[in-house]
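Here's the structure, in structure tokens; my notes come after.
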Amino acid sequence: MDDAPRRTVPIKLDVPEQRRGDLHQTKQQFLHCANRTSDWAWRYDDYCITSKNKAENALYDDLREETDLTANLVQKGIRRAIEAVTGGVEKLKQGEKTSQPEFDSWSVVYDKRSATFNDDHATLSTPNGRVKTDYVLQPESEREGTPFGRYYESDDWDASTATLQYDEQEDTFSLHVTLKNPDYEVDGAERHEAESPDDHEKNGVVLGVDLNVTGVFAVTSTGAFIGSADYLNHKRDQYEQRRGKLQQTGTRSAHLTIQSIGSAFSEWSLDWLHNRANDLIAEAQSGDVDGIIFENLDHIRENIANGSQFQQWAYAKFVELVEYKAESTALFVDFVNPAYTSQRCSHCGFTHEDNRDDKAFVCQDCGHEANADYNAAKNIANRYCGYIHRGQKSRGGWATSQLALKSGALNVNGEYTPAELLG
Ligand SMILES: [Zn+2]
């Protein structure tokens, strides 16, 4: 599921003479955002800040004042810097040398909110309004087989993001457009209620996520089962047992061992959560989804009130990681009040506590049967669509009733054994 196909197609631009300055200005202001963020994130001697949310909270308002960029480009500049800082921190962790990222070269990041990608031209947001720029294209007869012909002009591939670049020697601009394939099929997956590509042009789709303390860690409305909560709990128990034994010994060396297995376990669990967050992002991208919808965190906390502090931490961290990772994609993340999502039939809407028996869902009204977590995930996405239909503005900017539930591709039903527990 990690390999949702992507292709990047470089396209030369024929920028109108009088608008070239606007693109240069965009670059300067974009780099200003990135450099200010880098200074901020790297300002301490002994640690760096790698949270995009924190960076946005601290800098966004100032940068909007200091530049004439749109909100979207300011955010992209902040994120670009935080990604570089995060990369630097990874290097430091591995004992490699690195220094504070500085941004001086061309690469302004655009997505569908700050650009449009059309057949023969693009429009790009700048401090002085949108610039419309034609593509420099080969004659149509010669385009077949070129990346532009194979991907950009193909109905199977969808432009999602792009970077604007500039060649100083040749004094030319180009756009490096990244395309995704929305019809990418999960292996062996069956699609239910899938939208036709035409519908998708008009409609956004969201994916719902049901998080659990037992069984499967995260189940999506597209039918993906991500990670095993049982496995995570099992690893935690093992760690607790070792710690308990060492505590009884009480020696200084036991104390040191406790510290070292403690930090090894934190590292392991954080790594595990990162990977599950990547799985979820990949699932959303392979389904060509616009947004990921969770139950709101207050509820997750309530739901696992009997769970350990570790579980509380793990679920909050997982959601935070997904939000963080989504920021460098076109995906948005939002939340619903999840009351009764586990008792409601996603087929007919009948809601009753008897509908659910642990992991089995059988509607007492219409007889619909489903994996209970999958049913809940569909309800979560549906509820969000309901909010939007009633006029709430979504985080992704879909202001009207244009969101639909993305469901289907239920790859395992009922008896599910997470891969980690096999063998
Ligand atoms: Zn029903």
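Every number for a ligand or one of its atoms is a count from 1 in the order of the listing.
Within 6.0 Å of atom CD in Q238, more than 12 heavy atoms from other residues, nucleotides or ligands are found, so the atom counts as buried in its surroundings.
Taking D111 as the reference, N72, K76, R113, S114, T161 meet the side-chain contact (heavy atoms from CB on, under 4.5 Å) condition, with sequence neighbours excluded.
Counting only N and O atoms by type, the side chains of T116 and N118 include a donor and acceptor under 3.5 Å apart.
The side-chain tip of K180 does not point at the ring of W157 from less than 6.0 angstrom away and within 45° of straight on.
Side-chain atoms of R383 come within 3.5 Å of backbone N or O of N337 as a donor-acceptor pair.
Of the residues D210, D334, V319, the one that meets the side-chain contact (heavy atoms from CB on, under 4.5 Å) test with F294 is V319.
Here 4 is the count of protein N, O or S atoms positioned under 2.8 Å from the Zn ion (ligand 1), waters not counted.
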